[in-house]
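Written below as structure tokens is the structure these notes are about.
Note that the structure is a prediction, hence the values are computed from the model and not measured.
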Amino acid sequence: MRARHGRRKRLTSAAQFDHVFKRGARMGGRLFLLVYAPNRGRQHRLGLAVSRRVGGAVARNRARRLLRESFRRSGPAARSGYDLVVVAHKDLVACTQAEVDREFRERLGRIERTAGAAGAAPAPRA
């Protein structure tokens, strides 16, 4: 049986992506850029942006698979959910799943620590 996450755990429209890019906070790194904004639910929702700079179709699909699996393994949101847009970098394709998982978990941990320290979600960008 395949483990899948349904539409409730995905960003599905251009408007949702635009909202995150315009109002969200950014967290850069070696493998990917994470843009996040609080949502009204208690679950994180994932959107992927993998451009041709990452490589050909095979490389882009590998990057998407690695990121989706890291999201799936990250588990449920602790207090409140976030809309997450992950912009893949070229180096991501050469990494193992464990490396991507580690960076993804670190980023989510930083987001939740920031939200927990402030007592609420971080202030969105204007």
*Non-hydrogen side-chain atoms of Q16 and D83 separated by less than 4.5 Å*: no
*asked:* Under a 3.5 Å distance rule, please check whether H44 uses its side chain to pair with a backbone N or O of Y82 as donor and acceptor.
replied: yes
*Report yes if the side chains of V86 and F71 come closer than 4.5 Å at any heavy-atom pair, otherwise no.*
no
*In plain terms, say whether R102 and E106 are close enough for a salt bridge, that is, a side-chain N and a carboxylate O under 4.0 Å apart.*
no
*Do R53 and K90 have side chains that get closer than 4.5 Å, going by heavy atoms?*
no
*Would you name the heavy atoms of R68 and L48 that are closest together and state the gap between them?*
CG-CD1, 3.8 Å
_Minimum heavy-atom distance Q97-S70, with the two atoms named_ = NE2-OG, 3.0 Å
*Decide side-chain contact (heavy atoms from CB on, under 4.5 Å) for R45 and R10; before the verdict, give the C-alpha distance in whole Å, the side-chain angles of both, and the deciding distance to 0.1 Å.*
CA-CA 5 Å; R45 295 188 307 170; R10 287 184 287 172; over 6 Å; no
*Residue list, side-chain hydrogen bond (donor to acceptor under 3.5 Å, both in side chains) with R73, at least two apart or on another chain*: E69, D101
*asked:* So does L33 get a backbone contact from the side chain of R107, meaning a donor-acceptor N/O pair under 3.5 Å?
replied: no
_Close side-chain approach of F32 to V87, heavy-atom, < 4.5 Å_ = no
Just distance, no hydrogens or angles: give the donor-acceptor pairs under 3.5 Å from side chains in residues 55-64, sequence neighbours left out.
residue	atom	partner	partner atom	Å
R60	NH1	G55	O	2.9
N61	OD1	R64	NH1	2.6
N61	ND2	A57	O	3.2
R62	NE	V93	O	2.8
R62	NH2	C95	O	2.7

*From K22 NZ over to F17 CZ, what is the distance, rounded to the nearest 0.5 angstrom?*
14.0 Å
_Please find the pair of heavy atoms, one from L46 and one from L67, that lie closest to each other, and give the distance._
CD2-O, 4.4 Å
*Heavy-atom closest contact (I111 atom, L34 atom, distance)*: CD1-CD2, 3.6 Å
*Is it true that a side-chain atom of E99 and a backbone atom of T96 form a donor plus acceptor pair closer than 3.5 Å?*
yes
*Drop me the distance from H89's NE2 to L31's CG, to the nearest 0.5 angstrom.*
8.5 Å
*Check for a donor-acceptor pair, side chain of R30 on one end and backbone N or O of L92 on the other, with a separation under 3.5 Å.*
no
_Audit row: V85, F21, side-chain contact (heavy atoms from CB on, under 4.5 Å) steps and yes/no_ = CA-CA 8 Å; V85 175; F21 278 120; 3.5 Å; yes
*Using a 4.5 Å cut-off on heavy atoms from C-beta on, say whether the side chain of L84 contacts that of L108.*
yes
